[in-house]
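Encoded as structure tokens, the structure appears first; notes follow it.
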Amino acid sequence: MLREFILCSIIFCMETQIKKVDKNNISDYIKVFQEAGDLIKSGELVAFPTETVYGLGADALNPLASKKIYSAKGRPSDNPLIVHISDKNDLDTIAYKDSEKVDKIIEAFWPGPLTIILNKKELVPMETTGGLSTVAIRMPSNIVARKLIEFSGGFIAAPSANTSGRPSPTLAKFVFEDMEGKIPLIIDGGSCEIGLESTILDLTTEVPSVLRPGGITREQIEEVIGKVSLDLPKSENEDFHPKAPGMKYKHYAPKAELYIIDGEDKKVLDYMLKSLDKGEKVGKKIGIITTIENKDYLKSGVVKIVGTKEDESLVAASLFRVLREFDDEGVDFILSPSFANVGIGVAIMNRLKKAAGNKIIQV
Ligand code: AMP
Ligand code: MG
């Protein structure tokens with residue numbers, strides 16, 4: 001106890017409080033929002049839920065506050081933050097609407113899991129944009145997030161509330177795992193419905209491009225503004241210089257080695273069963289990600305069911321949670337099937353490949 005106290009004093013760690021709010025009865029929690037908003041206005045960090053993942057929030061217009069985010073996460077300083085707003089009209093305060101496509105996109109997808117990149121105005125400090133002259137902006141649909149933004153002055157810079165490189169948190173307890181002692185407050189608003197980070201759409205170029213796939217698909221965007229390109233590496237060996245700086249970093253990684261098993265369903269299942277047998281013989285604990293269809297076949301190992309093959313939104317919602325659970329259960333290896341690369345599946349495969357460091361086994 002004394003040792004912990006001394007260590008804490010030396011590294012300036014603080015007590016991290018978790019305050020629960022019920023998103024269906026938001027008016028009962030005004031005090032929590034006032035306290036959280038005051039913390040943000042005074043330059044502190046507060047973690048909060050959004051419909052995608054939990055965010056680590058700071059006043060986006062305060063350079064010193066933004067800097068704190070980088071040190072709490074251990075995030076490289078060239079990896080810019082997303083500015084969250086709660087009112088569409090606030091966009092004009094921080095960015096230029098250079099294209100008529102901006103209004104169409106906002107009308108169609110905000111509030112929601114879509115971040116847009118625009119040229120920034122002077123007011124936004126370079127600390128928030130990682131030195132770029134553009135700024136990423138999103139208006140989340142989660143009511144807890146929006147209330148907090150309102151009480152904080154209107155502009156919250158927030159990346160995902162995990163330590164850099166780890167899976168993004170979809171529950172307050174996962175934020176606590178990574179941020180305990182580093183931030184004063186976590187608002188617990190339950191689980192995040194979508195479970196993967198927002199789609200990022202660059203609207204500063206002639207042909208807009210998706211820099212990160214997410215909850216809103218490229219097809220949905222094309223229905224509103226026409227042709228959109230996808231700025232992702234085609235193969236693991238490609239020399240890729242992403243326009244979203246964050247996409248070049250190792251990400252979403254659980255502690256155990258993750259392998260994606262790609263092939264027909266039956267062959268993937270056979271491979272998993274054989275691996276479980278082998279694992280048992282050599283005393284290794286194997287984690288398996290699978291869908292409900294295979295539940296009766298996989299009887300050993302640490303098996304996590306992530307929805308069904310038919311509904312990949314359920315897979316998206318539980319992927320980061322199960323990756324963190326495998327960490328807690330101390331598995332040595334994790335095997336996951338690949339998922340159909342369409343719709344939300346594009347985002348799932350993007351995160352899985354990064355978590356696996358691109359280790360794909362064809363069967
Ligand atoms: P996270 O907050 O962890 O979801 O990360 C935010 C993502 O948005 C990272 O991949 C950033 O590189 C990307 N991003 C933020 N601002 C910009 C910008 N101005 N231009 C391109 N990408 C950006
Ligand atoms: Mg992140």
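First listed ligand is number 1; within each ligand, the first listed atom is number 1.
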**Message:** With the threshold set at under 4.0 angstrom, would you say Asn79 reaches ligand 1 through any of its heavy atoms?
**Reply:** yes
**Message:** Measuring from non-hydrogen atoms of Lys120 to any atom of ligand 1, is the shortest distance under 4.0 Å?
**Reply:** no
**Side-chain heavy atoms of Ile156 within contact of Ile40, under 4.5 Å** = yes
**Message:** Is the shortest side-chain heavy-atom distance between Thr129 and Thr134 below 4.5 Å?
**Reply:** no
**Prompt:** Between Glu51 and Ser141, is any side-chain donor less than 3.5 angstrom from a side-chain acceptor?
**Reply:** yes
**Item:** Distance-only side-chain donor-acceptor flag, Thr115 / Ser198, under 3.5 Å
**Value:** yes
**Geometric N/O contact Glu197 with ligand 1, under 3.5 angstrom** = no
**Request:** Examine the proximity of ligand 1 to Ile200 and report which part, side chain or backbone, both or neither, has a heavy atom under 4.0 Å away.
**Result:** side chain
**ligand 1-proximal atoms of His84, by part, heavy-atom distance under 4.0 Å** = neither
**Item:** Metal site the Mg ion (ligand 2): N/O/S of Ser160 inside 2.8 Å
**Value:** yes
**Prompt:** Which ligand 1 atoms does Leu132 reach within 4.0 Å, using its non-hydrogen atoms?
**Reply:** 18 (C), 19 (N), 20 (N)
**Sub-4.0 Å atoms of ligand 1 with respect to non-hydrogen atoms of Thr134** = 18 (C), 19 (N), 20 (N)
**Prompt:** Is there a side chain to side chain contact (heavy atoms under 4.5 Å, CB included) between Leu61 and Ile94 once you walk through the steps?
**Reply:** CA-CA 9 Å; Leu61 307 185; Ile94 55 171; 4.2 Å; yes
**Item:** Pick from Arg75, Arg212, Arg138: the one approaching atom 4 (O) of ligand 1 most closely through a non-hydrogen atom
**Value:** Arg212
**Message:** Can you classify the ring geometry of Phe48 versus His84 as parallel (below 30°), tilted (30 to 60°) or perpendicular (above 60°)?
**Reply:** perpendicular
**Request:** May I ask you to say whether Lys304 pairs ionically with Glu325, meaning some side-chain N is under 4.0 Å from a carboxylate O?
**Result:** yes
